[in-house]
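A short write-up of the structure that comes next.
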Amino acid sequence: MGERQPHHLHLHLPPRPTSHRRFCPSLSNRPSLTLLRVIGFLPTKLLKKPEAQMEASDEERPLIHHLPPQEQCSKYTCDGMVNIDSKPALKQSTGNWRACFFILGVEFTECICFYGVSKNLVTYLTSVLHESNVNAAQSVSIWIGSCFFTPLIGAFLADTYWGRYWTVVMSILVIILGMIVLTVSASPLFLNASFYNGGISRLTVYLGLYLFALGTGGIKPNIPAFGADQFDGADPVERVTKGSFFNWYYFSINVGSLLSSTVVVWVQDNIGWSVGFAGPMLLLGFGLAMFIAGRRAYRYKKLGGSPLTRVFQVLVAAVRNHRLNLPDDSSLLHELPGVTEGDYRTQHTYQFRFLDKAAILSDKNCAPAAPSSPWRLCTVSQVEELKMLLRTFPVWASLVGFFMVTAQMTSTLIEQGVAMDGRVGRFTVPPASLATFDVVAVLALIPVYDAALVPLARRVTGRDRGVSHMQRIGVGLALSAVAMAYSALVEARRLAMAAAAAGTRMSIAWQVPSFFVLGAGEVFAVIGMLEFCYEQSPASMKSLGTALVQLAVAVANYLNSGMLRVVAAATARGGGAGWIPDKLDEGHLDYFFWMMAALSVLNLLQFLHCSIRFRGNNTLSSS
């Protein structure tokens, strides 16, 4: 996920420029920047391509990838990182794997808490709070959606105010507070207290859940970024090692999910909910202590502007300048004459023309004595950054449809499992534990994908990656439709068995293929989308690009919650049981699964249409 630079210098000679940008007088007299660009110290944007290719392609390519001399980087990092005392970070005593062990440890413990709550939350709401199946599934979808929406807040706070380290620390403290509330709400002393009633119990549980959601918003976007900060991007060796960190980061998430789906869920179902909540909470407290203990080993990034601020500046400036007329010549729009080291200049495109109004120059904006406000005048490069994000939205919308399918693993599929026979041999399998097979599929198929599928596809297609991002996402979307169709067939068979002989229940083992196929779909769709969003995002908004994937999870869970309520209300008109009643034997959950399969097919068709029309950044050689 980290951006890898070449180990040697590459010179890209741009074509002769056909036009020149016009700059404000106050910004144009910068001969030193011109000199630096000539000697190759500053990266330069390749100039215009033919107009026909300009609509949907943004090329960001440095003239020279400048690497500092090795002797300058032998003692300190060369990427501007500092230690805990705000002094230049020493390579030998900070960062690298010595710091990442602490970071991966706290991520592992946070995942055990998160999945320990989410995997079995439907069962807790129906058995302890006595909510209906529909209300419980809806509540879980809303809560999970909140957990994946709050990372936008956490990323903004870290980039703008607190920094990643303190955002993680404060967020873990909030999560622990939420886990304490959940543990108390599930304890026998609380449930048997004289003041106890259903209203107090419900309020306490949801207070704990949404404290958890608020805290996890500071973990999800900042742990991977903080881990990547521990490797010097200007050092060839550390730059390669950064890629390994993301592999172990993803591995720690799945191991935490696996332990939660098995050990934690079993404890909750067989020992008690309070113990099932208290155990992960104590483990997270230990992880926080270890994370704080490693504070002197970390490398810290200096605070900078938030990418969200840059996005909103373009929107506000475009609205404020909506009365101005766009020039026919795009070279008359505002652009800085030079860029700082490591920055990119993005060429103008002709999509979303309204946003170009944010870069319209006026006499007031050009006045040297009155520097223009970024909320009234933005550069062309800043406008193009927002355009690049907007071009990914049709593909992003397809991922929302995919996550609406995976949301069934924590809602309707668990309710289906409760209505089935959980005995497998001499063991009784809790319905929530079947999510283990989703994780097993992910852990098993990723090595197979890298070791077997990619080399085979590379021989067929001639691509470096074997398949493009679009092809990989498309396979995942197709698998989601297959999983829903299989679940519908299983439910139809279960209903037939229950109707033929009262008390006869279908084995829960028939659900295993559904979870396994959904896990395979995640390997293709989710990881493919992560790479797609990262590479298609502007250079200054890579973290915001990958955060879009988490936002898709949030939107999908909100939509799934609303859809469950609409389906339940619409199908229960006239006094009928509906598709999703409290007693599933009286309903038709299979109809709901067939509906999800049909929506998945439509989602796939929409994605294929968008992928054919999509033309992304020319820097993606394999796309």
Side-chain angles (χ1 to χ4, degrees), residues 108 111-112 114-116 118-120 122 140-141 144 148 246-265 398-414 416-417 424 429-454 467 469 471-490 508-532 549-550 552-553 556-557 560 593 596-597 600 603-604:
F108 169 73
C111 283
I112 288 182
F114 175 74
Y115 290 109
S118 63
K119 294 293 185 182
N120 212 16
V122 165
V140 171
S141 292
I144 292 179
F148 285 92
F246 287 107
N247 294 332
W248 286 104
Y249 166 75
Y250 189 71
F251 183 83
S252 66
I253 291 176
N254 284 275
V255 172
S257 177
L258 179 63
L259 291 178
S260 298
S261 301
T262 52
V263 178
V264 176
V265 169
S398 299
L399 191 66
V400 173
F402 176 84
F403 280 129
M404 288 182 68
V405 173
T406 60
Q408 308 311 313
M409 289 191 292
T410 56
S411 55
T412 54
L413 284 176
I414 290 183
Q416 183 189 48
V424 179
V429 179
S433 290
L434 286 182
T436 302
F437 291 96
D438 169 75
V439 179
V440 169
V442 172
L443 293 176
L445 291 179
I446 286 178
V448 173
Y449 180 86
D450 286 337
L453 293 182
V454 171
V467 295
H469 296 320
Q471 292 169 335
R472 186 172 184 177
I473 296 170
V475 172
L477 298 182
L479 289 175
S480 69
V482 172
M484 286 294 96
Y486 175 82
S487 297
L489 293 173
V490 169
I508 199 173
W510 285 98
Q511 280 194 315
V512 170
S514 295
F515 287 90
F516 195 88
V517 172
L518 286 175
E522 291 179 18
V523 171
F524 287 92
V526 179
I527 300 178
M529 191 67 185
L530 278 169
E531 296 179 2
F532 172 82
V549 178
Q550 296 178 344
V553 178
N557 278 274
N560 181 61
F593 286 141
M596 291 300 300
S600 297
N603 187 40
L604 175 61

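Predicted model only: the values in this text are computed from it and were never measured.
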Does Ala556 offer a backbone N or O that forms a donor-acceptor pair with the side chain of Asn560 under 3.5 Å? no
Of all heavy-atom pairs between Leu445 and Ala520, which one has the smallest distance, and what is that distance? CD1-CB, 3.4 Å
Go through the steps to decide whether Met596 and Ser480 satisfy the test side chain to side chain contact (heavy atoms under 4.5 Å, CB included), and finish with yes or no. CA-CA 9 Å; Met596 291 300 300; Ser480 69; over 6 Å; no
Please examine the side chains of Pro513 and Phe516, heavy atoms only from C-beta on, and report whether any two atoms are closer than 4.5 Å. no
What is the minimum heavy-atom distance between Ser514 and Tyr486, and which atoms define it? OG-CD2, 3.0 Å
Side-chain heavy-atom pair Tyr115, Ile253 within 4.5 angstrom cut-off: yes
Rounding to 0.5 Å, atoms OG (Ser600) and CE (Met484) come to a distance of 7.0 Å
To the nearest 0.5 Å, what is the distance between CD1 (Ile414) and CG (Leu434)? 9.0 Å
State, to 0.1 Å, how close Val264 and Gly116 come at their nearest heavy-atom pair, and which atoms those are. CG1-CA, 3.8 Å
Leu477 vs Ser398, test: side chain to side chain contact (heavy atoms under 4.5 Å, CB included). Steps then yes/no. CA-CA 8 Å; Leu477 298 182; Ser398 299; 4.0 Å; yes
What do the steps show when you test Phe524 against Leu453 for side chain to side chain contact (heavy atoms under 4.5 Å, CB included), and what is the final call? CA-CA 11 Å; Phe524 287 92; Leu453 293 182; 4.1 Å; yes
Note: Phe114 and Phe148 closest approach over all heavy atoms is CZ-CE1, 3.8 Å
Go through it in stages, so that I can follow the logic: the residues are Leu259 and Phe108, the test is side chain to side chain contact (heavy atoms under 4.5 Å, CB included), and I'd like the CA-CA distance, side-chain angles, deciding distance and then a yes or no. CA-CA 10 Å; Leu259 291 178; Phe108 169 73; 3.6 Å; yes
So, does Glu522 use its side chain to make a donor-acceptor pair with the main chain of Val442 at under 3.5 Å? no
Indicate the atoms forming the closest heavy-atom contact of Gln416 with Phe593, along with that distance. NE2-CE1, 3.7 Å
Atom of Val140, atom of Val122 and distance for their closest heavy-atom approach: CG2-CG2, 3.4 Å
With no hydrogens and no angle check, is any side-chain donor or acceptor of Arg472 less than 3.5 Å from a backbone partner on Val526? no
Atom CG of Leu604 and atom CZ of Phe402: how far apart are they, to the nearest 0.5 Å? 12.0 Å
Can you see whether Thr436 engages Thr262 through a side-chain donor-acceptor pair at a distance of less than 3.5 angstrom? no
So if I apply the side chain to side chain contact (heavy atoms under 4.5 Å, CB included) rule between Met409 and each of Val405, Thr412, Thr406, which one comes out positive? Thr406
Is there a donor-acceptor contact under 3.5 Å from the side chain of Ser487 to the main chain of Ala483? yes
With rounding to the nearest 0.5 Å, note down the distance linking CG in Leu258 to CG in Leu443. 6.5 Å
